[in-house]
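Side-chain atoms are counted along with the backbone in the values below, which use heavy atoms only and exclude waters and symmetry mates.
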Amino acid sequence: MDATDLLLHPVRLRIVHALSGGRTHSASELCDHLADVPRTSIYRHLGLLVEGEMLEVAGERKVRGAIERSYRLRADRPTIAPEAGATMTPDEHRRGFATAMAVLIAEFNAYLDQTDADPYADSVSYRQATLWLTPDELATMLAGLRDVVTPFAANTPGEDRRPYRISPILFPGESP
């Protein structure tokens with residue numbers, strides 16, 4: 001299974017998100033984190049992600065006579081090439097978008113279900129805007145967004161840091 005097929009599944013993408021930033025989790029911890037997903041599904045998708053070389057076993061320990069493995073993202077994991085979108089069919093783009101939205105909704109619901117969730121204090125935002133752009137203006141805007149986000153993408157978990165999801169969605173509207 002290639003990186004695109006591995007990641008275009010809501011449960012696998014949520015597992016990858018849970019392990020981002022250098023974090024390690026056992027299957028049991030992932031089951032707790034993704035409480036809305038059946039345990040058997042978590043184990044099956046972990047196996048697929050390990051088999052697809054997206055994850056590796058970070059450690060093992062005995063728990064009540066069984067071996068419990070913890071997992072992390074591989075540093076050399078496969079990635080989806082930026083140009084992969086050029087070869088995708090419209091239906092594959094629909095599937096990718098639906099997966100991204102399903103993951104976003106599930107993770108937003110998990111955030112709201114936390115007892116200390118405070119969307120206003122946490123600067124939660126889900127605005128939409130229409131921008132009228134020439135191809136050059138679009139390229140300039142995208143380069144500017146990359147310049148803003150890239151320095152923060154390398155951050156790892158820290159004492160005062162918490163993970164924030166950023167999900168830029170960009171597509172042209174209907175022409176008038």
Side-chain angles (χ1 to χ4, degrees), residues 3-4 6-37 39 41-63 66-82 84 96-97 99-129 140-170:
T4 304
L6 275 172
L7 294 176
L8 286 186
H9 188 281
V11 173
R12 290 193 291 269
L13 189 53
R14 289 177 68 194
I15 290 170
V16 168
H17 285 181
L19 296 170
S20 67
R23 293 178 287 186
T24 63
H25 289 295
S26 68
S28 180
E29 291 168 332
L30 288 166
C31 288
D32 291 343
H33 182 70
L34 306 175
D36 60 313
V37 179
R39 293 181 80 80
S41 291
I42 298 286
Y43 283 94
R44 183 168 38 89
H45 290 296
L46 278 171
L48 290 170
L49 288 166
V50 169
E51 183 181 305
E53 300 181 343
M54 192 71 60
L55 304 182
E56 64 187 358
V57 175
E60 296 180 338
R61 66 184 184 119
K62 274 199 169 204
V63 176
I67 300 294
E68 179 182 68
R69 292 181 176 92
S70 58
Y71 300 90
R72 69 175 162 234
L73 292 172
R74 287 179 56 141
D76 62 344
R77 68 186 171 273
T79 58
I80 299 173
F97 187 79
T99 298
M101 293 302 96
V103 168
L104 194 60
I105 290 167
E107 290 179 349
F108 189 67
N109 284 334
Y111 160 75
L112 290 175
D113 288 342
Q114 296 175 49
T115 56
D116 63 342
D118 186 344
Y120 183 76
D122 290 335
S123 300
V124 170
S125 175
Y126 37 85
R127 295 177 181 94
Q128 293 183 3
T140 300
M141 182 189 74
L142 292 175
L145 288 172
R146 277 190 297 277
D147 291 345
V148 167
V149 173
T150 300
F152 299 102
N155 287 355
T156 57
E159 188 175 317
D160 292 335
R161 286 189 180 141
R162 67 186 291 189
Y164 280 82
R165 297 283 181 255
I166 182 168
S167 299
I169 299 168
L170 178 72

So, does [X] use its side chain to make a donor-acceptor pair with the main chain of [Y] at under 3.5 Å?
X	Y	value
Ser41	Val37	no
Arg14	Val11	no
Tyr111	Asp118	yes

Apply the test side chain to side chain contact (heavy atoms under 4.5 Å, CB included) to residues Leu142 and Leu170: give CA-CA distance (whole Å), side-chain angles for both, the deciding distance (0.1 Å), then the verdict. CA-CA 10 Å; Leu142 292 175; Leu170 178 72; 3.7 Å; yes
List the atom of [X], the atom of [Y], and the distance in Å for their closest heavy-atom pair.
X	Y	result
Ile169	Phe97	CG2-CE1, 3.6 Å
Val149	Ile166	CG2-CD1, 4.1 Å
Gly21	Thr156	O-CB, 4.0 Å
Thr99	Pro10	CG2-N, 3.6 Å
His17	Ser20	O-OG, 2.8 Å
Tyr43	Ala27	CE2-CB, 3.4 Å

Just do the side chain to side chain contact (heavy atoms under 4.5 Å, CB included) check on Tyr120 and Asp122 with the steps written out, would you? CA-CA 5 Å; Tyr120 183 76; Asp122 290 335; over 6 Å; no
Measure the spacing between [atom1] of [X] and [atom2] of [Y] and express it to the nearest 0.5 Å.
X	Y	atom1	atom2	value
Lys62	Ile67	NZ	CD1	5.5 Å
Glu29	Ser70	CD	OG	8.0 Å
Asp32	Ser26	CG	OG	7.5 Å
Leu145	Met141	CG	CE	5.5 Å
Tyr164	Ser125	OH	OG	12.0 Å
Gln114	Leu112	CD	CG	8.5 Å

Donor-acceptor pairs under 3.5 angstrom involving side-chain atoms of residues 44-57: please list them, not counting sequence neighbours.
| unit_1 | atom_1 | unit_2 | atom_2 | d |
| --- | --- | --- | --- | --- |
| His45 | ND1 | Arg12 | NH1 | 3.1 |
| Glu56 | OE2 | Arg72 | NE | 2.7 |
| Glu56 | OE2 | Arg72 | NH2 | 3.4 |

Using a strict cut-off of less than 4.0 Å between a Lys/Arg side-chain nitrogen and an Asp/Glu carboxylate oxygen, indicate whether Arg165 and Glu107 qualify as a salt bridge.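 Glu107 and Arg165: salt-bridged.
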Test item: Pro157 and Arg162 side chains (from C-beta on) under 4.5 Å apart, heavy atoms: no
